[in-house]
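Naming: A, B, ... by sequence-line order, numbering from 1 per chain.
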2 protein chains.
Amino acid sequence: MNFQPDAEIDHEGPVTPYQQLAGILRARIARGDWQPNRAISSETQLVQQYGLARTTVRRAIAVLVEEGLVFTVPQRGTYVAPQLEAPEGE
Amino acid sequence: MNFQPDAEIDHEGPVTPYQQLAGILRARIARGDWQPNRAISSETQLVQQYGLARTTVRRAIAVLVEEGLVFTVPQRGTYVAPQLEAPEGE
DNA sequence: GGCTATTTGTCCGTATGTATA
DNA sequence: ATATACATACGGACAAATAGC
(Lines give C-alpha, C1' and ligand atoms only; values in the text may rest on other atoms or scores of the structure.)
Protein backbone atom coordinates (compact mmCIF):
# COMPACT_ATOMS: atom_id res chain seq x y z
CA MET A 1 0.00 0.00 0.00
CA ASN A 2 1.18 3.52 -0.71
CA PHE A 3 1.62 6.11 1.97
CA GLN A 4 2.34 9.80 1.85
CA PRO A 5 5.70 10.66 3.41
CA ASP A 6 4.13 13.49 5.40
CA ALA A 7 1.01 11.62 6.47
CA GLU A 8 -0.04 11.44 10.10
CA ILE A 9 -1.04 8.37 12.02
CA ASP A 10 -4.75 7.58 11.99
CA HIS A 11 -5.50 5.71 15.17
CA GLU A 12 -9.14 5.10 14.26
CA GLY A 13 -8.81 3.63 10.79
CA PRO A 14 -8.66 -0.02 9.78
CA VAL A 15 -4.90 0.03 9.12
CA THR A 16 -2.85 -0.58 12.24
CA PRO A 17 -0.55 2.28 13.31
CA TYR A 18 2.62 0.23 12.94
CA GLN A 19 1.69 -0.57 9.35
CA GLN A 20 1.02 3.09 8.68
CA LEU A 21 4.36 4.14 10.14
CA ALA A 22 6.19 1.49 8.15
CA GLY A 23 4.58 2.87 5.01
CA ILE A 24 5.42 6.45 5.93
CA LEU A 25 9.05 5.64 6.67
CA ARG A 26 9.24 3.68 3.43
CA ALA A 27 8.00 6.74 1.58
CA ARG A 28 10.42 9.02 3.39
CA ILE A 29 13.37 6.80 2.52
CA ALA A 30 12.26 6.68 -1.10
CA ARG A 31 11.99 10.45 -1.05
CA GLY A 32 15.53 10.73 0.27
CA ASP A 33 14.97 12.02 3.79
CA TRP A 34 17.87 9.82 4.82
CA GLN A 35 20.73 8.74 2.62
CA PRO A 36 22.09 5.17 2.49
CA ASN A 37 24.32 4.31 5.46
CA ARG A 38 22.86 7.25 7.37
CA ALA A 39 20.79 6.82 10.54
CA ILE A 40 17.07 7.44 10.41
CA SER A 41 15.38 9.17 13.35
CA SER A 42 15.87 7.43 16.66
CA GLU A 43 13.03 5.42 18.11
CA THR A 44 12.50 8.08 20.76
CA GLN A 45 12.25 10.78 18.11
CA LEU A 46 9.76 8.75 16.10
CA VAL A 47 7.74 8.23 19.27
CA GLN A 48 7.52 11.98 19.74
CA GLN A 49 7.01 12.87 16.08
CA TYR A 50 4.19 10.43 15.45
CA GLY A 51 2.67 10.11 18.89
CA LEU A 52 3.14 6.38 19.13
CA ALA A 53 4.38 3.98 21.77
CA ARG A 54 7.92 2.78 21.40
CA THR A 55 6.85 -0.80 20.97
CA THR A 56 4.75 0.32 18.02
CA VAL A 57 7.66 2.21 16.49
CA ARG A 58 9.91 -0.79 16.94
CA ARG A 59 7.39 -3.01 15.21
CA ALA A 60 7.29 -0.67 12.23
CA ILE A 61 11.08 -0.67 12.04
CA ALA A 62 11.07 -4.46 12.25
CA VAL A 63 8.96 -4.49 9.10
CA LEU A 64 11.51 -2.40 7.22
CA VAL A 65 14.35 -4.56 8.53
CA GLU A 66 12.47 -7.59 7.29
CA GLU A 67 12.22 -5.95 3.89
CA GLY A 68 15.95 -5.24 3.89
CA LEU A 69 15.31 -1.52 3.60
CA VAL A 70 17.10 -0.64 6.82
CA PHE A 71 19.35 -2.36 9.34
CA THR A 72 19.73 -1.80 13.05
CA VAL A 73 23.00 -1.49 14.95
CA PRO A 74 22.59 -2.09 18.70
CA GLN A 75 23.23 0.96 20.85
CA ARG A 76 23.83 2.96 17.69
CA GLY A 77 20.72 3.41 15.60
CA THR A 78 18.83 2.23 12.54
CA TYR A 79 20.45 2.90 9.19
CA VAL A 80 19.23 3.03 5.61
CA ALA A 81 20.55 0.01 3.77
CA PRO A 82 22.87 0.69 0.84
CA GLN A 83 21.02 0.24 -2.44
CA LEU A 84 21.92 -3.15 -3.78
CA GLU A 85 19.66 -3.02 -6.81
CA ALA A 86 21.85 -0.45 -8.56
CA PRO A 87 24.82 -1.97 -10.40
CA GLU A 88 28.05 -1.04 -8.66
CA GLY A 89 29.67 0.54 -11.65
CA GLU A 90 31.84 3.61 -11.15
CA MET B 1 -37.05 -3.98 4.45
CA ASN B 2 -36.71 -0.58 6.04
CA PHE B 3 -35.74 -0.07 9.63
CA GLN B 4 -35.57 2.95 11.85
CA PRO B 5 -32.03 3.75 12.97
CA ASP B 6 -33.15 4.15 16.58
CA ALA B 7 -35.44 1.15 16.70
CA GLU B 8 -35.13 -1.48 19.41
CA ILE B 9 -35.06 -5.21 18.95
CA ASP B 10 -38.45 -6.90 19.04
CA HIS B 11 -37.91 -10.39 20.37
CA GLU B 12 -41.55 -11.40 19.91
CA GLY B 13 -42.15 -10.42 16.30
CA PRO B 14 -41.80 -12.49 13.13
CA VAL B 15 -38.57 -10.85 12.02
CA THR B 16 -35.48 -12.51 13.47
CA PRO B 17 -33.34 -10.35 15.76
CA TYR B 18 -30.28 -10.59 13.51
CA GLN B 19 -32.31 -9.32 10.56
CA GLN B 20 -33.62 -6.49 12.66
CA LEU B 21 -30.13 -5.54 13.82
CA ALA B 22 -28.79 -5.71 10.27
CA GLY B 23 -31.56 -3.34 9.18
CA ILE B 24 -30.91 -0.99 12.07
CA LEU B 25 -27.19 -0.86 11.40
CA ARG B 26 -27.89 -0.33 7.72
CA ALA B 27 -30.06 2.63 8.61
CA ARG B 28 -27.49 4.02 10.99
CA ILE B 29 -24.77 3.83 8.36
CA ALA B 30 -27.05 5.51 5.83
CA ARG B 31 -27.78 8.19 8.40
CA GLY B 32 -24.05 8.78 8.88
CA ASP B 33 -23.51 7.50 12.41
CA TRP B 34 -20.15 6.20 11.16
CA GLN B 35 -18.12 7.61 8.31
CA PRO B 36 -16.40 5.46 5.68
CA ASN B 37 -13.21 3.82 6.95
CA ARG B 38 -14.36 4.42 10.52
CA ALA B 39 -15.13 1.61 12.91
CA ILE B 40 -18.71 0.90 13.87
CA SER B 41 -19.45 -0.08 17.46
CA SER B 42 -17.57 -3.13 18.65
CA GLU B 43 -19.38 -6.43 18.91
CA THR B 44 -19.26 -6.12 22.69
CA GLN B 45 -20.87 -2.71 22.54
CA LEU B 46 -23.60 -3.92 20.20
CA VAL B 47 -24.27 -6.84 22.51
CA GLN B 48 -24.80 -4.44 25.39
CA GLN B 49 -26.69 -1.77 23.46
CA TYR B 50 -29.22 -4.11 21.88
CA GLY B 51 -29.35 -6.89 24.46
CA LEU B 52 -28.41 -9.61 22.00
CA ALA B 53 -26.13 -12.59 22.08
CA ARG B 54 -22.76 -12.21 20.48
CA THR B 55 -23.54 -14.80 17.84
CA THR B 56 -26.60 -12.80 16.86
CA VAL B 57 -24.59 -9.62 16.52
CA ARG B 58 -21.99 -11.40 14.44
CA ARG B 59 -24.65 -12.80 12.16
CA ALA B 60 -26.05 -9.33 11.57
CA ILE B 61 -22.59 -8.01 10.76
CA ALA B 62 -22.05 -10.94 8.41
CA VAL B 63 -25.10 -9.77 6.47
CA LEU B 64 -23.65 -6.30 6.03
CA VAL B 65 -20.28 -7.74 5.04
CA GLU B 66 -22.07 -9.86 2.46
CA GLU B 67 -23.67 -6.71 1.13
CA GLY B 68 -20.31 -4.99 0.93
CA LEU B 69 -21.49 -2.29 3.28
CA VAL B 70 -18.84 -2.96 5.90
CA PHE B 71 -15.66 -4.99 6.17
CA THR B 72 -14.07 -6.63 9.17
CA VAL B 73 -10.39 -6.40 10.04
CA PRO B 74 -9.27 -9.25 12.31
CA GLN B 75 -8.20 -8.16 15.76
CA ARG B 76 -9.15 -4.59 14.94
CA GLY B 77 -12.81 -3.99 14.28
CA THR B 78 -15.56 -3.66 11.68
CA TYR B 79 -15.36 -0.65 9.38
CA VAL B 80 -17.75 1.14 7.07
CA ALA B 81 -16.73 0.41 3.50
CA PRO B 82 -15.66 3.37 1.38
CA GLN B 83 -18.31 4.31 -1.16
CA LEU B 84 -17.33 2.64 -4.39
CA GLU B 85 -20.22 4.00 -6.43
CA ALA B 86 -18.30 7.22 -7.05
CA PRO B 87 -16.13 6.95 -10.18
CA GLU B 88 -12.46 7.01 -9.34
CA GLY B 89 -11.64 9.97 -11.52
CA GLU B 90 -8.72 12.20 -10.57
C1' DG C 1 38.16 7.02 37.58
C1' DG C 2 33.63 9.39 37.56
C1' DC C 3 28.81 11.52 35.65
C1' DT C 4 25.37 12.37 32.07
C1' DA C 5 23.01 11.68 27.81
C1' DT C 6 21.56 8.84 23.96
C1' DT C 7 20.31 4.62 21.73
C1' DT C 8 18.72 -0.07 21.14
C1' DG C 9 17.14 -4.40 23.71
C1' DT C 10 14.09 -6.54 26.83
C1' DC C 11 10.50 -7.25 30.00
C1' DC C 12 6.33 -6.11 32.63
C1' DG C 13 1.35 -4.87 33.03
C1' DT C 14 -3.05 -3.03 31.19
C1' DA C 15 -6.44 -2.32 27.69
C1' DT C 16 -9.22 -3.23 23.47
C1' DG C 17 -11.03 -6.13 19.84
C1' DT C 18 -11.87 -10.20 17.17
C1' DA C 19 -11.96 -15.51 16.96
C1' DT C 20 -13.29 -19.61 18.96
C1' DA C 21 -15.39 -22.89 22.06
C1' DA D 1 -22.81 -15.59 29.73
C1' DT D 2 -18.00 -17.22 30.43
C1' DA D 3 -13.51 -18.34 29.20
C1' DT D 4 -9.46 -18.65 26.40
C1' DA D 5 -6.44 -17.35 22.57
C1' DC D 6 -4.36 -14.07 19.56
C1' DA D 7 -3.00 -9.52 17.73
C1' DT D 8 -2.45 -4.89 18.62
C1' DA D 9 -1.38 -0.60 21.25
C1' DC D 10 0.17 2.05 25.16
C1' DG D 11 3.07 3.13 29.19
C1' DG D 12 6.62 2.28 32.17
C1' DA D 13 10.94 0.42 33.73
C1' DC D 14 15.55 -1.37 33.52
C1' DA D 15 19.72 -3.13 31.15
C1' DA D 16 23.77 -2.64 28.03
C1' DA D 17 26.78 -0.07 25.03
C1' DT D 18 28.42 4.17 23.33
C1' DA D 19 29.87 8.96 23.51
C1' DG D 20 31.19 13.36 25.55
C1' DC D 21 32.60 16.15 29.38
> What one-letter contact string describes nucleotides 13-21 of chain D from 5' to 3', where B marks a base within less than 4.0 Å of any protein heavy atom, S marks contact via sugar-phosphate atoms alone, and - marks no contact?
B--BB-S--
> Go through residues 38-49 of chain B and report each residue with a non-hydrogen atom lying under 4.0 Å from DNA chain C, sorted by number.
Ser42(B), Glu43(B)
> Tell me what Thr72(A) touches on the nucleic acid: a base, only sugar-phosphate, or nothing, going by heavy atoms under 4.0 Å.
sugar-phosphate
> Going 5' to 3' along DNA chain C, which are the first and last nucleotides with any atom under 4.0 Å from a heavy atom of chain B?
dG17(C) to dA19(C)
> Can you confirm whether Pro82(A) sits close enough to Phe71(A) that some side-chain heavy atom of one is under 4.5 Å from a side-chain heavy atom of the other?
yes
> Which distance, rounded to the nearest 0.5 Å, do you find between the CG of Leu46(B) and the OG1 of Thr56(B)?
11.5 Å
> Does Gln4(A) CD have over 12 foreign heavy atoms under 6.0 Å away?
no
> Give a yes/no answer on whether the side chain of His11(A) brings an N or O atom under 4.0 Å of OP1 or OP2 in dC10(D).
yes
> Could you say whether Ala53(B) or Ala53(A) is positioned toward the 5' end of DNA chain D, judged by the nucleotide with the nearest heavy atom to each?
Ala53(B)
> Quick check on dC10(D): is either OP1 or OP2 less than 4.0 Å from any side-chain nitrogen or oxygen of Thr56(A)?
yes
> To the nearest 0.5 Å, how far apart are CG in Asp6(B) and CD1 in Ile24(B)?
9.0 Å
> Can you see which heavy atom on Gln20(B) is nearest to which on Glu8(B), and at what distance?
OE1-O, 3.9 Å
> Would you call Glu12(A) and Arg38(B) a salt bridge, taking side-chain N to carboxylate O under 4.0 Å as the test?
no
> Group every Ile, Leu, Val, Met, Phe, Trp and Tyr by side-chain heavy-atom contacts under 4.5 Å, then state whether Ile9(B) and Phe3(B) land in the same group.
yes
> Looking at Tyr79(B) and Gly13(A), would you say the former's side chain and the latter's main chain have a donor-acceptor pair under 3.5 Å?
yes
> CD1 of Ile29(B) to CG of Leu64(B): how many Å apart, nearest 0.5 Å?
5.5 Å
> May I have the distance from Gln19(A) (atom CD) to dA7(D) (atom P), rounded to whole angstrom?
13 Å
> Give a yes or no on this: more than 12 heavy atoms of other residues, nucleotides or ligands lie within 6.0 Å of atom CZ of Arg76(A).
no
> Mark yes when over 12 heavy atoms from residues, nucleotides or ligands other than Gln49(A) sit less than 6.0 Å from its CD; otherwise mark no.
yes
